[in-house]
2 protein chains.
Amino acid sequence: MTTEPLITVDSDQPVPPYVQIRDQIADLVSTGSLTAGTRLPPVRQLAADLGLATGTVARAYQELEATGHLETRRGGGTRVAPHHGKRRADVLRQHAEDFATTMRRLGVTHDEALAAVSTAFTTALPRR
Amino acid sequence: MTTEPLITVDSDQPVPPYVQIRDQIADLVSTGSLTAGTRLPPVRQLAADLGLATGTVARAYQELEATGHLETRRGGGTRVAPHHGKRRADVLRQHAEDFATTMRRLGVTHDEALAAVSTAFTTALPRR
DNA sequence: CGACTTGTATCAAGGCCTTGGTGCAAGGGT
DNA sequence: ACCCTTGCACCAAGGCCTTGATACAAGTCG
């Protein structure tokens with residue numbers, strides 16, 4: 001058997017393929033599973049592997065470049081962008097702010113929110 | 001001029017009207033702005049006020065009943081459900097778990113996450 | 001410098017979701 | 001018991017988003 005496929009797409013899921021690809025790669029980059037400079041398969045190859053059109057994969061790559069996850073050069077391929085350290089911090093802060101905003105909207109206090117997160121962290125069982 | 005409209009819909013926004021209605025009411029209930037037993041306008045009236053079809057408002061009410069925010073009785077109107085205290089706790093826990101899951105996925109530590117939330121809470125400026 | 005690799009642009013086709021409008025059913029209030 | 005209020009179901013119309021396929025442009029590498 002070949003190497004485990006980097007990306008998989010489940011057509012049963014309601015979320016469109018290009019989003020699945022985008023989010024999966026974003027995760028791999030954010031978690032460090034894909035290090036800076038790592039080259040990704042060309043759009044045609046990945047599209048062929050997944051049974052999709054090139055434009056679909058291209059859209060995923062494109063949005064990932066816009067968010068700073070990837071860097072692309074025509075003829076040179078697509079690679080993981082170098083500054084993902086700083087980006088992770090931004091992503092973390094963004095998530096924290098969204099969470100805080102939601103909590104305030106619900107009328108949850110600072111301490112209450114922290115306690116909930118702490119509990120969730122220890123309890124946290126992956127539910128996927 | 002009449003009383004401040006409880007709900008408003010902005011057709012320019014990309015999010016569909018029924019979602020806008022649903023989320024706004026959900027917020028009002030969660031924050032306690034609408035207390036248990038408070039009666040909401042009939043679907044026809046709210047629809048007329050907003051320039052929408054009855055079915056659109058009905059859908060919002062329906063989903064809110066499914067999530068436990070509201071209770072509806074034909075002929076009796078739609079009212080805020082009584083147990084929103086317990087519900088708020090559930091919602092809080094759910095958000096906390098989602099946040100924790102995301103943080104783990106990003107490889108963020110327990111302490112790091114708590115610090116980020118704490119910071120976000122003090123910084124948090126409403127962004128609407 | 002030239003052929004090849006790779007991402008990009010474009011446009012039509014298809015599907016999914018949302019909305020309007022109308023008629024119906026259930027329950028409330030007098 | 002009756003009439004009225006109110007939510008619900010249904011169905012067709014319209015719009016937005018996504019996809020496929022193909023042709024094109026821009027770099028790369030020998």
Side-chain angles (χ1 to χ4, degrees), chain A residues 6-26 29 34 36-82, chain B residues 6-26 29 34 36-82:
Chain A
L6 198 61
I7 306 292
T8 60
V9 168
D10 180 4
S11 54
D12 292 340
Q13 218 170 339
V15 45
Y18 87 92
V19 174
Q20 294 186 37
I21 299 171
R22 162 161 63 77
D23 292 354
Q24 284 179 46
I25 295 179
V29 173
L34 289 179
T38 302
R39 175 155 182 198
L40 278 66
V43 288
R44 289 174 226 282
Q45 180 185 323
L46 184 53
D49 290 349
L50 298 175
L52 301 173
T54 62
T56 304
V57 176
R59 180 168 181 181
Y61 280 13
Q62 225 165 326
E63 298 198 1
L64 285 166
E65 185 176 24
T67 55
H69 289 85
L70 302 180
E71 282 182 352
T72 75
R73 284 179 306 182
R74 290 190 176 184
T78 302
R79 297 172 184 276
V80 175
Chain B
L6 197 62
I7 307 292
T8 60
V9 168
D10 180 4
S11 53
D12 292 339
Q13 218 169 339
V15 47
Y18 87 91
V19 174
Q20 294 185 38
I21 299 171
R22 162 161 64 78
D23 292 354
Q24 283 180 46
I25 295 179
V29 173
L34 289 178
T38 302
R39 175 153 181 200
L40 278 68
V43 288
R44 288 175 227 281
Q45 181 184 322
L46 185 54
D49 290 348
L50 299 176
L52 301 173
T54 63
T56 304
V57 176
R59 179 168 182 181
Y61 280 14
Q62 224 164 326
E63 298 198 0
L64 286 166
E65 185 177 23
T67 55
H69 289 84
L70 303 180
E71 282 182 353
T72 75
R73 285 178 306 181
R74 290 190 174 183
T78 302
R79 297 171 184 277
V80 176

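Within every chain, numbering begins at 1; the chains are lettered A, B, ... in the order of the sequence lines, protein sequences first and strands thereafter. Everything quoted here is computed from the prediction, not taken from an experiment. Reckoned from all heavy atoms, side chains included, excluding hydrogens, waters and symmetry mates.
The minimum heavy-atom distance between A:Arg79 and A:Gly37, with the atom names listed, is NH1-O, 3.2 Å. The heavy-atom pair separating A:Gln24 from A:Leu6 by the smallest distance is OE1-O, 4.3 Å. Across all their heavy atoms, A:Pro82 and A:Glu71 have their closest contact at CD-OE2, 3.5 Å. The two residues B:Ala36 and B:Ala81 come nearest to each other via the heavy atoms CB-O, 3.6 Å. What you find for A:Ile7 and A:Leu50 is that their closest heavy atoms are O-CD2, 3.6 Å.
If you take CD1 on B:Ile25 and OG1 on B:Thr78, they are separated by 8.5 Å, rounding to the nearest 0.5 Å. Rounded to the nearest 0.5 Å, atoms CG (B:Leu40) and CG (B:Leu34) are 6.0 Å apart.
With rounding to whole Å, A:Leu40 atom CG is found 12 Å from C:dT6 atom P.
B:Arg74 meets the side chain to side chain contact (heavy atoms under 4.5 Å, CB included) test with no other residue; sequence neighbours excluded. Residues forming a side-chain hydrogen bond (donor to acceptor under 3.5 Å, both in side chains) with A:Thr72 (at least two apart in sequence, or on another chain): A:Glu65. Checked against side-chain hydrogen bond (donor to acceptor under 3.5 Å, both in side chains), B:Thr8 has no partners two or more places apart in sequence or in another chain. Under the side chain to side chain contact (heavy atoms under 4.5 Å, CB included) criterion, A:Val15 pairs with A:Gln13, A:Val19, A:Gln20, sequence neighbours left out.
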Cut-off 3.5 Å, no hydrogens considered: what does the side-chain donor-acceptor table look like for residues 54-62 of chain B, sequence neighbours left out?
residue, atom, partner, partner atom, Å
B:Arg59, NE, B:Glu63, OE2, 3.3
B:Arg59, NH2, B:Tyr18, OH, 3.1
B:Tyr61, OH, B:Pro41, O, 2.6

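Counting only residues at least two apart or in different chains, side-chain hydrogen bond (donor to acceptor under 3.5 Å, both in side chains) contacts with residues 40-51 of chain B are absent.
Once you apply a 4.0 Å limit to the heavy atoms of chain B, the touched nucleotides of DNA chain D run 5' to 3' over D:dT5 to D:dA9.
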Check: protein-nucleotides 26-28 of chain C nitrogen or oxygen pairs below 3.5 Å:
residue, atom, partner, partner atom, Å
C:dA26, O4', B:Arg74, NH1, 3.0
C:dG27, O4', B:Arg74, O, 3.3

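In the helix from C:dC1-D:dG30 to C:dT30-D:dA1, the terminal helix axes, each the rotation mapping four pairs' C1' atoms onto the next four within five end pairs, subtend 30°, rounded to 10°.
Contacts with DNA chain C (heavy atom under 4.0 Å) in residues 49-64 of chain B: B:Leu52, B:Ala53, B:Thr54, B:Thr56, B:Arg59, listed by number. Using a 4.0 Å cut-off on heavy atoms, the residues of residues 11-21 of chain A that approach DNA chain D are A:Pro16, A:Pro17, A:Tyr18, listed by number.
Put simply, the side chain of B:Val29 does not reach to within 4.5 Å of the side chain of B:Leu64, judged on heavy atoms.
Residue A:Thr72 has no polar side-chain atom (N or O) positioned under 4.0 Å from OP1 or OP2 of C:dT6.
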